[in-house]
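To keep things clear, I will list the structure first and then write my remarks on it.
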Amino acid sequence: MNEAAIYGVLTELFHDVFADDSIVLRPETSAPDVEGWDSFTNLNLIVAVEGRFGIRMQTTEIEQLQNVGDLVATIARKLRA
Amino acid sequence: MPDSVTLAAFVAEPPRAHPGLADDLDLYWLPPVERWAERIREVEAAPDAGAAWSAMVALANTRLDFVRTLRLDRALQRRFGETPPPGLATRPVRLAVLASSTAGQLLPATRVAALRRGLWVSAYEAPYGQYLSELLDTGSGLYAFEPNTVLFAMDAHHLTRGADPAADAEQGDSVLAETLGELARCWRIAREAFRGQVIQQSVLPIFPALLGENEHRLPGSPAALAARLNAALRGAAANAGVDLLAVDVKAAQTGIARWHDPVLWHRAKQEISPLATPLYGELFARLAAAQQGRTSKCLVLDLDNTLWGGVIGDDGLDGIVIGQGSALGEAFLGFQAYARALAKRGVILAVCSKNDEANALAAFRHHPDMVLRENDIACFVANWNDKAANVRAIAARLNIGLDALVFVDDNPFERNLIRQELPMVAVPEVPEDPALFAAAISDGGYFEGLAVTEEDRERTGQYRANLQRETLQAQSTDLESYLRGLQMELVWRRFDLVGLQRIVQLINKTNQFNLTTQRYTQDEVLAVMDDPRAFGLQLRLLDRFGDNGIIGIVIGRRTEPEQVLIDTWLMSCRVLGRRVEEATLALVAAEARRLGAARLIGEYRPTAKNGMVRDHYRRLGFDMGAAAADGSASGVLVLADLPEPDLPMVIREG
């Protein structure tokens, strides 16, 4: 699965988790850029990502995520594994 | 490597377990949502409150995962805030969640599951870790909220905090008693203060084992304490008038690892994963809806390929697949038995079928394998009108609301028609395999009942029957009284076309209780039916616990003017020890007399597998000759010498 496809699936997830269809994801997008992206919704987001992509993320991996680019790279790496 | 488009589609709709399999956290009995992105936008933009509410109810009645549930809940909150929609037909639920750890993730799905039933929920979550002080302080936020429903959702760590692996049995017992005492105190305070429904969440079995499979032998094990608490909660909650939200049972069914993620527990003190919240919300909303009497009352059943396999109008009475002997026939039988069990506890059954009424009724009246009979069906509609009209007619005739109906049909066309024409009717998305029908109805929770309501108390009949069954075995001091208590009925028929396939199958696969192991083809069985000097008997055994199906086959032939040879006698081993052999002999004797015989000849032909019936005829009073070198033997019974047996069963033709 290439990065563009991951961005596509992820964008749908962001639209539902934050109830906002206007969200456009870029590699540098991070929590302050999205209304409602707090520690609670972040947890939902991670669970949703794990469920939708069928992957499992380690606690340390989650803690190192800085932005959407990091998240996409982690997903891509997990899907290749 | 598949191309990215294929893989993207695959990932966007993640692979699902077989729908209906119990390891699935999905609300699989609800239809999948179509055009999600478009529909949620329509809901968010709906012009007036009434239209928005209806559209949200409709969307809540589709199969939403937790992410979509979150979004629908957000739309609900944005539109209505804390104010119920105008003209709401139900009593608003003011829900206080008293939890010992993070419970906020439970609320969106709880509101959406209530929405699915037309219920409005305002929720209050007590501040983290303060449920007890909130409960004890009449000036707290809890009291200011004025709940009419209180949900105690304590996590397993909290409820088992008294567990000490070094404890002995006595200490283990006292920890259990203390914990139950604390809960009972909470229930009492909540009940007296708020006068509403009190719900206790059972304990999630999340603990790793310390001892292993025999964990219960370690009195201080958290896992063992959780199990004992769950067992004790049933009775304690029922006595206190508290309803149980049985997460332990649902998690056991759908996979505890999917309900509880230790990573989320350590990160955020979420005991229940967001993934499981749609199911959690369902469990809560069923209790809240049942409290308001909003639970389904009537199961409306299609016939062809729903209650039996095949089409009775085309295949005929002896062509439909139902009953013992084929996996498919037994699957339909299982579903019929489930429907009948529901009927026994008060669910009304109706039939809605596209058939000629006479054809449809014939199965209920004449097919020997049917569990459901005509008098089990409160309203029987079989005609060629469209099903929406017929479902309306059923509701009118039974004088119940359309929203009290659950419509079960294997045909997706009919299901979609009913959903479209009568959206208030519940239409479960039953799996294709009839073996999964009963589970789908059960998992859908349509008939949720609260055992301790005034109405149920009046329904004493069912409780009395249960008590009788439990005491039967305890009271039986000997085999004879136990057998009499079983209320057995041995139902006999001569060979016929309806039973033909089962007869041929039994003759060719029974090895143990089989005197001669004489095999027959279908044509040979048909020849027995046509032979005036022969008889074939098929025997069915019923008892108070159910129908055992066809359990015995006997073929006899008049070989001399006054003599009948028992050519074949076989039985199913599961009815051994019930004196069915003697009853069968009485039937064989009657048939032999009908053919003018004065004596019976019984033969035993040994095989590698039928040693258990070596003395069969001797036990029944036959005068056996000496056995041949190969072990075979035959004997004579003079019919005039056969005593009238006193048997613990009724014998009848049917």
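Convention: sequence-line order gives letters A, B, ...; per-chain numbering from 1.
Only the side chain of A:Arg56 comes within contact range of chain B, judged by heavy atoms closer than 4.5 Å. When heavy atoms are compared at a cutoff of 4.5 Å, A:Phe18 approaches chain B solely by way of its backbone atoms N, CA, C and O. Looking at B:Ser273, the atoms closer than 4.5 Å to chain A (heavy atoms on both sides) all sit in the side chain, from C-beta outward. Proximity to chain A is absent for every atom of B:Leu72, based on heavy atoms less than 4.5 angstrom apart.
With respect to chain A, the highest number of heavy-atom pairs below 4.5 Å among B:Thr102, B:Leu275, B:Val67 belongs to B:Val67. Note on A:Leu45, A:Ile62, A:Asp20, A:Asp21: by heavy-atom pairs under 4.5 Å with chain B, the leading option is A:Asp21. Here A:Leu43 is the residue among A:Val17, A:Thr59, A:Leu43 with the most heavy-atom pairs under 4.5 Å with chain B.
Of all the heavy atoms in B:Ala440 and B:Trp29, the pair that sits closest is O-CB, 4.2 Å. The two residues B:Ala96 and B:Leu142 have their closest heavy-atom pair at CB-CD1, 3.4 Å.
Cation-pi geometry between B:Arg94 and B:Phe145 is met: the NZ or CZ atom falls under 6.0 Å from the ring centre, inside 45° of the normal.
Side-chain polar atoms of B:Asp155 and B:Trp265 form no donor-acceptor pair below 3.5 angstrom.
A salt bridge is absent between B:Glu282 and B:Lys250: the closest approach of a Lys/Arg side-chain nitrogen to an acidic carboxylate oxygen does not fall below 4.0 angstrom.
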